[in-house]
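Report on the structure given below.
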Amino acid sequence: MVNIYRALEGLKETSKVYMDDQYARILESTIINVVKEKGKKAYVIVDKSIFHPRSGGQPNDIGVIEKEGTMFRVLKVLNVRGVLAHYGKFIEGNFNAGNKVKLKIDWNHRFRVMKLHTAGHIIDYALKKIYGKVINTLDAFHGPPKAYIVYDAEAPSPEMLHKIEKEANKIVKENRKVKVIYATQESLLKIAFNAPNLDRLPPSEKYRVVVIEGVNGIPCTGTHVKETSEVGEIKIIGMEKLERGFKLFYNVL
């Protein structure tokens with residue numbers, strides 16, 4: 001069994017293109033290393049990537065890395081101290097360090113995740129409107145097959161759920177702009193607003209904040225749509241009371 005954390009020690013951090021270009025579907029890159037596992041399975045490391053790892057409640061991207069005569073199917077993406085390890089299996093051929101390759105994400109999967117993640121931020125705002133205050137989150141998963149957010153509050157009534165859904169879709173229809181702004185520790189509170197869990201943020205020299213115009217600004221490394229109308233209709237599809245808080249299930253149509 002490969003110790004991927006040890007195998008990647010000393011490697012330069014991967015340039016994460018998806019942080020600034022969330023709509024990039026294909027990228028030319030260079031192989032830094034290939035860490036073989038069992039059979040045709042391996043971890044592939046490149047100098048720059050459009051593949052988002054599983055983090056921040058967002059599932060990882062899937063897709064392929066290829067060059068002439070070689071195809072590697074990406075099944076998982078891990079962020080190991082800033083280095084992205086693309087885990088999967090070779091369908092044909094092999095890579096060597098220095099090879100020039102093309103990265104291609106499964107766009108249908110990525111775009112659905114983008115819509116779900118932005119919808120999650122909109123739902124955060126809708127809860128603030130209905131509860132009258134920002135509600136902290138305890139957990140979240142912004143991806144198929146069943147997206148959810150766990151909120152640290154008393155469970156809502158069916159009437160409140162209906163109001164939350166209505167408020168969320170109001171923001172979708174208003175077609176608010178969604179943008180990324182980078183903040184320093186000193187400027188964070190000027191840029192982040194209506195954001196849950198701000199008191200839990202670890203210290204950092206730079207924060208990436210996803211701002212939905214007039215709605216909220218939430219520190220987040222995930223991928224999002226450019227305008228709220230791209231989300232489509234938000235549906236609250238269920239709610240589960242937990243020992244602490246409640247889990248809200250949602251989807252986009």
Side-chain angles (χ1 to χ4, degrees), residues 12-24 48-61 77-84 113-143 147-153 164 167-168 171-172 174-228 230-231 234 244-245 248 250:
K12 184 180 176 181
E13 286 194 13
T14 310
S15 176
K16 301 167 184 65
V17 174
Y18 60 81
M19 294 278 275
D20 297 304
D21 187 354
Q22 298 163 92
Y23 285 76
K48 53 187 176 180
S49 180
I50 49 175
F51 282 85
H52 191 287
R54 177 162 184 155
S55 63
Q58 179 168 320
N60 64 261
D61 285 316
V77 187
L78 307 176
N79 186 343
V80 182
R81 297 184 296 270
V83 178
L84 297 186
V113 169
M114 287 167 64
K115 293 192 291 184
L116 285 166
H117 204 154
T118 303
H121 285 209
I122 293 171
I123 292 170
D124 288 345
Y125 172 78
L127 258 81
K128 177 190 176 293
K129 292 283 285 185
I130 302 307
Y131 279 79
K133 61 181 180 179
V134 173
I135 306 297
N136 280 340
T137 60
L138 300 172
D139 189 18
F141 181 69
H142 304 297
Y148 67 81
I149 308 169
V150 178
Y151 289 103
D152 191 8
I164 289 166
E167 194 66 44
I171 297 301
V172 170
E174 288 174 354
N175 200 23
R176 305 289 186 101
K177 300 291 184 185
V178 184
K179 58 185 178 181
V180 169
I181 299 176
Y182 288 94
T184 62
Q185 185 103 42
E186 293 73 28
S187 65
L188 178 63
L189 294 181
K190 296 177 183 176
I191 296 170
F193 64 102
N194 292 339
N197 312 326
L198 272 183
D199 58 338
R200 287 193 253 151
L201 272 182
S204 177
E205 292 182 3
K206 185 170 71 171
Y207 297 94
R208 181 180 186 266
V209 183
V210 174
V211 177
I212 302 177
E213 183 182 28
V215 172
N216 51 27
I218 299 179
C220 176
T221 60
T223 53
H224 292 265
V225 296
K226 290 179 180 176
E227 299 175 334
T228 59
E230 292 182 79
V231 167
I234 296 174
R244 178 180 174 185
L248 191 71
Y250 72 97

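What you see is a predicted model; the values in this text were computed from it and never measured. Every heavy atom of this structure was used, including side-chain atoms; hydrogens, water molecules and symmetry mates were not.
In this model, a donor atom of one side chain and an acceptor atom of the other lie less than 3.5 Å apart for His224 and Thr118. Between the side chains of Gln58 and His117, at least one donor N or O lies within less than 3.5 Å of an accepting N or O.
For Pro53 against Tyr18, the heavy-atom pair with the smallest separation is CD-OH, 3.2 Å. Closest heavy-atom contact between Ala147 and His142: CB-CA, 4.4 Å. Tyr131 and Ala153 get closest at one heavy-atom pair: CE2-CB, 4.1 Å. Scanning both residues, Glu230 and Lys115, for their nearest heavy atoms gives O-CD, 2.9 Å. The two residues Pro219 and Ala195 make their nearest non-hydrogen contact at CD-CB, 4.2 Å.
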Audit row: Leu198, Leu189, side-chain contact (heavy atoms from CB on, under 4.5 Å) steps and yes/no: CA-CA 9 Å; Leu198 272 183; Leu189 294 181; 4.1 Å; yes
side-chain contact (heavy atoms from CB on, under 4.5 Å) between Arg176 and Glu227, intermediate numbers included: CA-CA 6 Å; Arg176 305 289 186 101; Glu227 299 175 334; over 6 Å; no
Test log, rule side-chain contact (heavy atoms from CB on, under 4.5 Å), inputs Tyr207 and Ile191: CA-CA 10 Å; Tyr207 297 94; Ile191 296 170; over 6 Å; no
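Take Asp20 and apply the side-chain hydrogen bond (donor to acceptor under 3.5 Å, both in side chains) test, not counting sequence neighbours, and it matches Tyr182.
The line from CD1 of Ile123 to CG of Leu116 is 9.0 Å long, rounded to the nearest 0.5 Å. Here the CG atom belonging to Leu188 is positioned 11.5 Å from the CD1 atom belonging to Ile181, to the nearest 0.5 angstrom. Of the inter-residue distances, the one linking Ile212 atom CD1 with Tyr125 atom OH reads 10.5 Å to the nearest 0.5 angstrom. For the atom pair Tyr23 OH and Met114 CE, the distance stands at 4.0 Å (nearest 0.5 Å). If you take CD on Gln185 and OG on Ser204, they are separated by 7.5 Å, rounding to the nearest 0.5 Å. Taken to the nearest 0.5 Å, the OG1 atom of Thr137 stands 10.5 Å off from the CG atom of Leu127.
Contact of the Lys16 side chain with the Leu84 side chain is registered, since non-hydrogen atoms from C-beta on lie closer than 4.5 Å. At a threshold of 4.5 Å between non-hydrogen side-chain atoms, the residues Ser49 and Val17 do not count as touching. Asn194 places none of its side-chain heavy atoms less than 4.5 Å from the side chain of Asp124. With a 4.5 Å cut-off on side-chain heavy atoms, Leu138 and Tyr151 do not count as touching. At least one side-chain heavy atom of Ile122 sits under 4.5 Å from a side-chain heavy atom of Thr228. Between Met19 and Arg208, some side-chain heavy-atom pair lies under the 4.5 Å cut-off. Side chains of Ile135 and Pro196 form no contact here, defined as non-hydrogen atoms less than 4.5 Å apart. Side-chain contact between Val180 and Val209: absent, with no pair of heavy atoms (C-beta onward) separated by less than 4.5 Å.
Remark: the backbone N or O of His121 is paired with a side-chain donor or acceptor of Asn216 at under 3.5 angstrom. In this structure a side-chain-to-backbone donor-acceptor pair under 3.5 Å is missing from Asn197 to Arg200.
Atom CZ of Arg244 is surrounded by 12 or fewer heavy atoms from other residues, nucleotides or ligands within 6.0 Å.
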